[in-house]
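Step one of this worksheet: look at the structure below.
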Amino acid sequence: MTRHDREHGHPALPDFDDWFGRSFPGLPGWRPASAAHSIPVEITRRDGVFVLRAELPGTDPDHDIAITVDDNLLTVTAEHPETEEDKEHSEFRYGSFRRTVRLPAAIPVDAVDASYADGILTIRVPMPDENTSTARTVPVRRVNRSDASRTRPERHGGGR
């Protein structure tokens with residue numbers, strides 16, 4: 001690096017990462033151009049509510065973000081279109097983003113709530129208590145003998 005390059009912060013050659021970084025085929029982190037980027041998320045659970053927070057800076061929640069629910073899968077998809085202006089250097093990620101999270105039970109679709117502020121998408125999913133059991137006791141009803149003859153299936157064929 002020359003003295004001029006150091007003073008102005010621009011090396012004479014691009015960074016090694018610029019040549020052989022994440023988009024270089026065959027290295028870890030490489031993905032096909034058509035593949036969606038993963039969305040960084042954090043998930044917490046408090047008082048029976050799962051809270052998923054997703055980093056989506058630079059996206060418009062009215063046009064660029066979609067949330068789908070299918071059984072116990074919650075999927076967030078987003079688009080971050082690249083600006084047309086010329087850039088000397090950019091580390092921003094543009095294109096399609098997608099993340100699917102599996103929750104421990106079917107998601108009550110009508111109760112899901114989503115909000116977006118300061119580049120963070122927050123999704124709240126109220127979930128039934130994990131200890132909630134679907135097992136139940138079925139009572140046995142006593143039938144009188146006279147009632148029993150009416151509820152027994154008729155025998156067809158060589159019966160009595």
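We count residues from 1, following the sequence as given.
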Practice prompt. Please name all residues satisfying side chain to side chain contact (heavy atoms under 4.5 Å, CB included) with Glu79, sequence neighbours left out, ordered by chain then number.
Written response: Ser96
Worksheet item: Listed by chain and number, what are the side chain to side chain contact (heavy atoms under 4.5 Å, CB included) partners of Pro61, not counting sequence neighbours?
Response: Ile65, Tyr116
Worksheet item: So, do Val49 and Thr44 sit near enough that their side-chain heavy atoms are less than 4.5 Å apart?
Response: no
Worksheet item: Roughly how far apart are Leu121 CG and Leu52 CG, rounded to 0.5 Å?
Response: 7.0 Å
Discussion item. Quick check for you: to the nearest 0.5 Å, what is the distance between Thr77 atom OG1 and Phe97 atom CZ?
Written reply: 12.0 Å
Worksheet entry | Side-chain cluster (under 4.5 Å, hydrophobic types only) that Val138 belongs to, other residues | none
Fill in: Interatomic distance, Ile123 atom CD1 to Phe50 atom CZ [nearest 0.5 angstrom]
13.0 Å
Worksheet item: How would you list, by chain and number, every residue that makes a side chain to side chain contact (heavy atoms under 4.5 Å, CB included) with Asp60, sequence neighbours excluded?
Response: Asp62, His63, Asp64
Worksheet item: Got a sec, which pairs hit salt bridge (charged side-chain N to carboxylate O under 4.0 Å, His left out) with one end in residues 48-57, sequence neighbours left out?
Response: Glu42-Arg53
Item to complete: Apply side chain to side chain donor-acceptor pair (under 3.5 Å) to Arg98 and list each qualifying residue two or more places apart in sequence or on a separate chain.
Response: none
Worksheet item: Taking atom OG1 of Thr122 and atom CG of Asp113, what is their separation to the nearest 0.5 Å?
Response: 9.5 Å
Fill in: Sequence-distant partners of Thr83, side chain to side chain donor-acceptor pair (under 3.5 Å), two or more places apart
Lys87
Discussion item. Test side-chain contact (heavy atoms from CB on, under 4.5 Å) on Val76 and Leu56; report intermediate values, then the result.
Written reply: CA-CA 10 Å; Val76 177; Leu56 290 169; 4.2 Å; yes
Practice prompt. Please report the shortest heavy-atom distance between Ser90 and Phe92, naming the atom on each side.
Written response: OG-N, 3.3 Å
Discussion item. Rounded at 0.5 Å granularity, tell me how far CZ in Arg45 sits from CD1 in Ile43.
Written reply: 12.0 Å
Discussion item. For Pro40 versus Arg99, what's the shortest heavy-atom pair and its separation?
Written reply: CA-NH1, 4.2 Å
Worksheet, complete the sentence: Closest non-hydrogen atoms of Arg124 and Ser115, given as atom of the first, atom of the second and distance, are NH1-OG, 3.8 Å
Response to the item:
Residue pairs passing the ring-ring contact (aromatic ring centres under 6.0 Å, His included) test with at least one member in residues 64-87, sequence neighbours excluded, are His80-Tyr94
Counting only pairs under 3.5 Å, give me each side-chain donor-acceptor contact of residues 100-112, with atom names and distances, residues two or more places apart or in other chains.
| from | atom 1 | to | atom 2 | distance (Å) |
| --- | --- | --- | --- | --- |
| Thr100 | OG1 | Thr75 | OG1 | 2.9 |

